[in-house]
Number of protein chains: 2
Amino acid sequence: MMDGETYEGGSVAHHIIDIIEKKKLGGSLSEAEVRDAVTGYTSEKIPDYQMSALLMAIFIKGMSYEETLSLTKTMAESGDSYSFPDSVDKHSTGGVGDKVSLTALPIAAACGAPVAKLSGRGLGITGGTIDKLEAIPGFSVDLSEERFKKQVETVGMAITEAGSLAPADKAIYALRDTTGTVDSLPLIGSSIVSKKAATGAGHLLYDVKRGSGAFMKTPEEARELADLLVRLSEDLGVRASAFITGMDAPLGRAIGNALEVRESVAFLKDEDTPGDLAHMARRVAVRLLELKGVSEPDEAVERAISSGAAYEKLEEFVAAQGGEADKLPDLEVSSETHEIKAPRSGFVSRFDALGLGRAALALGAGREKKGDPLDFGAGVEVFARVGDAVEAGQRVALLFGSRNIERAKKLAEESLEVSGEPTDAPPAILDSL
Amino acid sequence: MMDGETYEGGSVAHHIIDIIEKKKLGGSLSEAEVRDAVTGYTSEKIPDYQMSALLMAIFIKGMSYEETLSLTKTMAESGDSYSFPDSVDKHSTGGVGDKVSLTALPIAAACGAPVAKLSGRGLGITGGTIDKLEAIPGFSVDLSEERFKKQVETVGMAITEAGSLAPADKAIYALRDTTGTVDSLPLIGSSIVSKKAATGAGHLLYDVKRGSGAFMKTPEEARELADLLVRLSEDLGVRASAFITGMDAPLGRAIGNALEVRESVAFLKDEDTPGDLAHMARRVAVRLLELKGVSEPDEAVERAISSGAAYEKLEEFVAAQGGEADKLPDLEVSSETHEIKAPRSGFVSRFDALGLGRAALALGAGREKKGDPLDFGAGVEVFARVGDAVEAGQRVALLFGSRNIERAKKLAEESLEVSGEPTDAPPAILDSL
């Protein structure tokens with residue numbers, strides 16, 4: 001045939017290689033091609049190394065909306081799925097001190113909007129509602145499908161660990177995490193919405209965080225992701241809406257599992273709560289009720305808080321899942337604490353979410369890698385917010401925990417900037433759609 | 001820490017992920033980064049799926065010349081290496097009926113330029129000199145390093161199967177072949193030159209094929225690859241030069257292992273030979289002698305052919321490797337033949353290399369996949385060339401072999417185009433540098 005030192009082998013063309021070749025040149029994959037790639041991968045007919053090449057091609061060349069929708073559908077249908085057409089749910093893209101689920105959802109449930117939520121554990125500076133709930137003694141995050149469904153009906157609120165939903169997304173996400181293909185809009189959007197679609201709540205609010213402590217750094221990125229999440233959800237039959245919320249500073253005062261439960265409890269008991277958290281929890285609850293078509297949602301939300309109904313719903317939900325509800329207001333936190341003080345007098349111009357999140361992570365509130373044990377009592381409380389006037393030496397934060405103290409201190413101290421000029425506090429909700 | 005349904009995990013940054021991230025954004029990798037990726041991969045510290053993501057990022061974002069040189073060096077140094085500073089070698093990027101090694105190298109050797117060649121087996125429509133040589137009864141392609149070196153000294157010509165040279169290239173190539181990352185200029189160039197540098201010949205001519213039966217389809221691609229091969233080689237201390245040669249039609253008359261040996265023998269015996277092959281073999285031999293600094297190379301080449309010295313060198317080389325040199329002129333070919341006839345009278349405007357290569361492949365002259373057994377006597381002989389006048393029903397090709405006859409016939413027939421207008425035959429050598 002041909003000369004000996006030939007270079008390339010014309011191997012028999014395989015379907016997946018054709019798909020990779022098409023995408024690497026910037027072509028659009030058909031729904032069938034997307035399905036073949038995903039189901040081939042989850043059924044182990046397509047090896048990791050071909051899928052990662054395809055993911056990199058998708059990362060660089062992008063995906064049209066139609067391709068992204070195909071990917072979302074295919075992943076949503078890859079495992080079990082539930083159907084809770086009357087329920088509401090919310091999804092946050094992850095922020096430091098983000099306890100909106102713990103606050104807004106009991107309110108919505110108390111107002112008659114059933115909450116059926118499947119959630120995950122945290123990794124890195126992002127954390128999981130599941131972890132926060134496990135800070136409550138006795139609380140079980142592992143409900144059978146039957147028990148989960150029944151609790152949604154009887155209590156009106158249930159949260160369980162996401163199990164066999166969207167396994168294709170789980171497999172693909174694990175691969176993306178190790179191949180530099182995480183931060184791709186179509187891959188992020190399809191990952192989020194596939195899980196939510198499989199969970200089956202009929203009404204969904206996305207909370208897209210934007211800022212130093214969030215995945216999306218710019219307003220454009222956040223807006224683009226919010227648009228995509230809503231559009232994909234609606235095309236999969238879910239009533240959806242989105243907020244874009246600020247994450248340059250932590251939400252509220254507490255970062256860390258038990259600390260965040262305590263702060264949530266205080267808010268639901270209508271006790272003193274930082275304004276950003278109080279505002280956000282209310283706005284999210286109202287929007288969820290609007291999605292459901294509840295009339296006068298603002299009034300309903302205020303009533304649920306002031307009457308104690310929202311807090312009672314939280315207690316009822318916690319008790320239903322085996323948690324010691326009476327311990328909620330005083331969950332144990334670490335007895336070892338370290339003060340962070342303002343280095344000079346002036347106005348707080350920055351108290352950075354990313355740095356404070358890393359400090360809490362170092363203290364044991366989060367996992368650096370999968371399977372790391374948490375210290376539920378570890379974390380950070382911040383007492384100064386952007387715009388606040390502080391005196392030199394004034395306590396601005398309190399670290400809880402006994403791991404990596406020096407690193408945590410340094411991270412927290414570097415997160416703070418005190419300026420001579422007053423600064424306005426940024427709004428909690430930046431945009432909505 | 002953060003809200004539950006968070007999306008992304010901030011996994012511990014790994015070095016290879018940093019390298020992937022850099023390349024996916026179009027950055028330039030340092031020599032150390034290239035080395036870490038390649039040696040990490042060959043030592044199995046970096047899994048296939050990370051390497052394939054990196055290769056796809058390289059495919060799409062490209063590599064600077066410096067990165068490509070780093071990659072070439074690293075792969076060249078990844079296994080054994082030889083050193084034959086006085087030797088000449090040539091490398092073809094692969095074409096149908098390409099028997100330039102079998103013809104030009106004995107001439108060069110007869111003129112005193114030692115040939116030390118490590119070659120490979122063919123796959124797909126590309127084939128290997130090793131396979132062609134194995135069509136000679138008794139010929140051994142598996143020489144020990146010692147025997148190989150000795151034969152270069154005593155006979156002035158030895159060809160053995162490439163073994164443990166550039167194992168990094170071998171591993172990466174296998175991955176590229178299944179991940180749609182073959183046709184990337186820096187990856188092709190570094191793959192070719194790393195093997196040649198490890199082989200260690202001091203003078204090297206690249207034959208970059210261009211056309212339907214070649215890897216490079218356009219003049220620009222072929223020129224770019226030729227430039228890259230020469231530049232990389234020179235930077236690795238090899239005197240190098242390149243031809244860009246046409247591959248829209250097969251070179252010479254024969255396609256298939258024994259058939260190609262017979263045609264090469266006929267040329268070296270100064271018997272009737274198609275003009276393109278005769279011209280190319282001479283030009284390649286002359287250029288190899290020029291690289292060596294031999295004076296009056298044209299005259300030397302003509303003398304070697306007309307005196308029979310070149311053919312004697314081929315016989316000596318074949319005998320040294322155990323082959324039955326007396327059988328060379330009449331190697332057995334398949335007794336089963338099928339004629340392909342011109343469908344109409346006119347002028348041959350196309351007799352397509354790719355289609356004829358596929359026909360020969362179907363007949364058993366090549367391997368559709370690794371390890372397929374060859375039929376050494378199978379192949380195609382073409383009797384009409386572009387520009388030739390043909391009569392309807394005139395024999396234009398003869399198929400040899402008993403496998404997949406109908407498919408081979410169809411492929412050969414579809415390769416032929418007869419036009420009413422005369423066409424000029426294209427030159428064999430299109431460009432040189």
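Order of the sequence lines fixes the chain letters, A, B, ..., with proteins taken first and strands second; residue numbering starts at 1 for each chain.
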_Interface residue of largest heavy-atom contact number with chain A, from B:K24, B:E21, B:M51, under 4.5 Å_ = B:K24
*Answer whether the closest heavy-atom distance between the side chains of B:E161 and B:S119 falls below 4.5 Å.*
no
_Residue B:K61 versus chain A: region with a heavy atom under 4.5 Å_ = side chain
*asked:* Check B:D98 with B:K209, please: is the shortest side-chain N to carboxylate O separation under 4.0 Å?
replied: yes
*Could you have a look at A:L251, A:L356, A:D183, A:L374 and say which one has the most heavy-atom pairs with chain B under 4.5 angstrom?*
A:D183
*For the pair B:D89 and B:K196, find out whether any cationic side-chain nitrogen is under 4.0 Å from an anionic carboxylate oxygen.*
yes
*Contact origin within B:L55 toward chain A - heavy atom pairs under 4.5 Å*: neither
*Does A:S184 reach the main-chain N or O of A:T181 with its side chain, forming a donor-acceptor pair under 3.5 Å?*
no
*Just by distance, with hydrogens left out, do A:T103 and A:S264 show a side-chain donor and acceptor under 3.5 Å apart?*
no
*Could you tell me which portion of A:L133 (side chain, backbone, both or neither) has an atom closer than 4.5 angstrom to a non-hydrogen atom of chain B?*
neither
